[in-house]
Amino acid sequence: MSLTRLVLFAAAAWADDSGQCNTVELDFVVLEGEASHRAIEDDIRAALLEVGVTARARFLEKEEFNAAMVSGDYDLVFSETWGAPYDPHSYVASWTTPDEAHYSVLETHEPPLDPTTFASWVANVSSEVDPVERQETWTEILSAIHAAVLHLPLWGKRIPSVVGRRLEGYVSGPQQFDYPIASIRVAEGIKNVTIAPGAQTGLFQSVGRLDPHSYRPNEFFSNNWIYEGLVKYGPSGNIEASLATAWTTDIRDDGGETFRFTLREGVAFHDGSAFNCTAVELNFDHVFASPLRGPDWHGWYGLPGSLADWYCDGNDFVLETTEPYYPLLQELTYIRPMRILSPAAFVHGIYTSPETHNSCPASWGNVTGDDGSELTCVGTTAPLGTGPFRFVSRTVDDDDDDDVVLDREVVFASNPEYWGGEPDIEFVRVLYFETHAEVKEALLSGELDAVIGAGVLEPSDIQDLQYSEDFDVLHSEPTQNTVIIMNIDDIDIRKVVVHAVNKGPIIERELGGIEQPVSQLFPESAPYCDVDLVPKFDYDLEKALLLNCPDSQTTKKKNTKSKTATVYGILFAAAAVLAVVLVVAVCYMVRKERAGEPLFMPLTNPLIEDEVQLAPVKDPEAKDVGSTNSVEIEIFDGRDVNK
Ligand SMILES: *[C@@H]1O[C@H](CO)[C@@H](O)[C@H](O)[C@H]1NC(C)=O
Ligand SMILES: *[C@@H]1O[C@H](CO)[C@@H](O)[C@H](O)[C@H]1NC(C)=O
Ligand SMILES: *[C@@H]1O[C@H](CO)[C@@H](O)[C@H](O)[C@H]1NC(C)=O
Ligand SMILES: *[C@@H]1O[C@H](CO)[C@@H](O)[C@H](O)[C@H]1NC(C)=O
């Protein structure tokens, strides 16, 4: 706490007589090692203290943290929405399963926010066929969540990119790990480009198995370069053509919905074989075989459970659902587990059996469902897709003690047959760096052409590079919001928290100013979320005081002179504190002088210079947002999909 802040705080306490605030104590659970959360938890606690709310931070290791979240053993906890392309439906649908932090919050609410009614509400909007009605229902759901004040929205995460000036035309992707480098034109120099990409852990370590049908250690960004889906997620969640060029939807007589996809003609896989409906069907047969569709595997999202059937009709691919399910198209844009792999990369080619030789990773072993269904995972044989880049080679370094496989370098080549046009870049080399500082050094020395993604450079470095003539610094639209979930019974206290925290200065101070304050749960760029929710969850100290320190406020209201009185009070308190500081300082100096150790020595004294240099040292971790990677991932990990 700075001296100014101390003085202000003392003055506020003196003027307000915070004895008049209600005593509120909150349990603030923070994940140990989560650098950006760690950096701001004390700012939030200080802000709350000013309105009489004492929040005590409880730092927990991952396992204990998850246990506390799941059991509702917290008053305040950091969370993130799942971001594009998952918001809003996948994230809110997850609230109604008992292994999510919101479940215990909803349990204390009346309908429609209790878990059962809320689940039915979300299921209803997901099967709403009319887009206008659908938006209306989403507006109602988002308004109800907002009115219940379940969250303190903090900031929207924007994905930064720092791109050297010899590369032109890069535009940030609409989802966190979508790095569309195929659009880059190389304006000068060789067409080989080096990149340090933002990975799920921040700094890149490995591209993993590079198979499109499973999860970590695969990285989204590299799988997204190699593999494509039928459709793709565009700006604001618009569904765009990809391997399908067009589609129609029909409600059948039995109440289900039929999606019919026209497939792109003339597309080849990286092995040269033709892309056609047989390949799409083979991929669906493997990924959505029972029991892989179940909750322990791919059932964390709605699509697998909604499917009734799929087949080829000529070269059209047809999907049938048991009932209308509008998120199906949005979910087909997900980077995993359903992107199209070449039949040549299944162990027995196009005839590979989903039961005896499923494409799921061999490490998953034999998979058995509750219904007795069983299959054997054998993995895939090569990373062959239809995307703009194909895998060439990797330089693996696995002599580390702790079993961590590192890819020192991974090389991708442009796909000359790409249906979207051959990329201008010829080869992409993805490089491993141990520290943020090494990345910065390589960028400044010209070894690296671009840093694309979050958690690779320090936020303060990104900020500095904005003024460099050698680089373009870009930020995506906010892709997901960081929020604090409040598991507090009294809605007035929740409102106090929402209005006590001034986000802008905290972001400026602790996050290098690169994120943007938000006042509602979802980014407005998420589908159905461009809704103006009131009242705004913004900093409003007067409102917070009115709610938690009503006595001090009523006194003030009655006394028209109170504002002036407060100002005088603050000035007086400041003067008093300064006077005390001065007196103490003078006494100290006098004593030192008398003891023969005068404080003011010539500036050449090396001791003093050392001290001067030591003073501004900051905790380098405090600015590391590299580890803020998506909570979504952790949730999937928790569900065993990583075996
Ligand atoms: C969902 O739809 C069903 C059937 O129309 C209806 O009975 C139920 O009340 C709806 N749920 C909510 C929360 O609106
Ligand atoms: C570009 O990279 C490829 C693959 O690593 C390499 O074979 C080629 O020599 C490089 N070209 C130049 C001009 O450095
Ligand atoms: C798709 O291509 C494969 C291999 O080239 C071929 O065996 C198959 O018959 C084709 N399917 C369709 C529907 O044309
Ligand atoms: C997996 O299932 C196959 C086929 O039923 C069987 O041959 C194999 O022994 C099983 N493997 C394990 C590890 O249980």
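Every number for a ligand or one of its atoms is a count from 1 in the order of the listing.
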For [atom], find the nearest protein heavy atom and state the residue, atom name and distance (0.1 Å precision).
| atom | answer |
| --- | --- |
| atom 14 (O) of ligand 2 | N192 ND2, 3.5 Å |
| atom 5 (O) of ligand 2 | V411 CG1, 4.2 Å |
| atom 9 (O) of ligand 4 | N366 ND2, 4.7 Å |
| atom 4 (C) of ligand 4 | T376 OG1, 4.1 Å |

Parallel, tilted or perpendicular: which one describes the rings of H89 and Y325, with boundaries at 30° and 60°?
perpendicular
So, for [atom], does the protein have a heavy atom nearer than 4.0 Å?
| atom | answer |
| --- | --- |
| atom 2 (O) of ligand 1 | yes |
| atom 7 (O) of ligand 1 | no |
| atom 11 (N) of ligand 4 | yes |

For ligand 4, find out whether one of its N or O atoms is nearer than 3.5 Å to an N or O atom of E374.
no
Passes side-chain contact (heavy atoms from CB on, under 4.5 Å), T386 versus I340? Steps please.
CA-CA 8 Å; T386 56; I340 308 298; 5.8 Å; no
Go through the steps to decide whether T81 and D87 satisfy the test side-chain hydrogen bond (donor to acceptor under 3.5 Å, both in side chains), and finish with yes or no.
CA-CA 7 Å; T81 69; D87 288 337; 3.0 Å; yes
Would you say the ring centers of [X] and [Y] fall short of 6.0 Å from each other?
| X | Y | value |
| --- | --- | --- |
| H213 | Y227 | no |
| Y351 | H357 | no |
| F177 | F220 | yes |

Output the distance between atom CG (D130) and atom CD (E136), rounded to the nearest 0.5 Å.
8.0 Å
If I compare all heavy atoms of A382 with all of A345, which pair ends up nearest, and what's the gap?
O-CB, 3.2 Å
Donor-acceptor under 3.5 Å (R408 side chain, D397 main chain):
no
Distance filter under 4.0 Å to T117 heavy atoms, resulting ligand 1 atoms:
13 (C)
Which of the numbered atoms in ligand 1 are under 4.0 angstrom from any heavy atom belonging to W121?
13 (C), 14 (O)
If we only consider heavy atoms of P112, is any one of them less than 4.0 Å away from an atom in ligand 1?
no
Contact (N/O only, under 3.5 Å) between R429 and ligand 2
no
Could an N or O of ligand 1 be found under 3.5 Å from any N or O of N124, whether backbone or side chain?
yes
Any idea which of S120, S127, P111 brings a heavy atom closest to atom 13 (C) of ligand 1?
S120
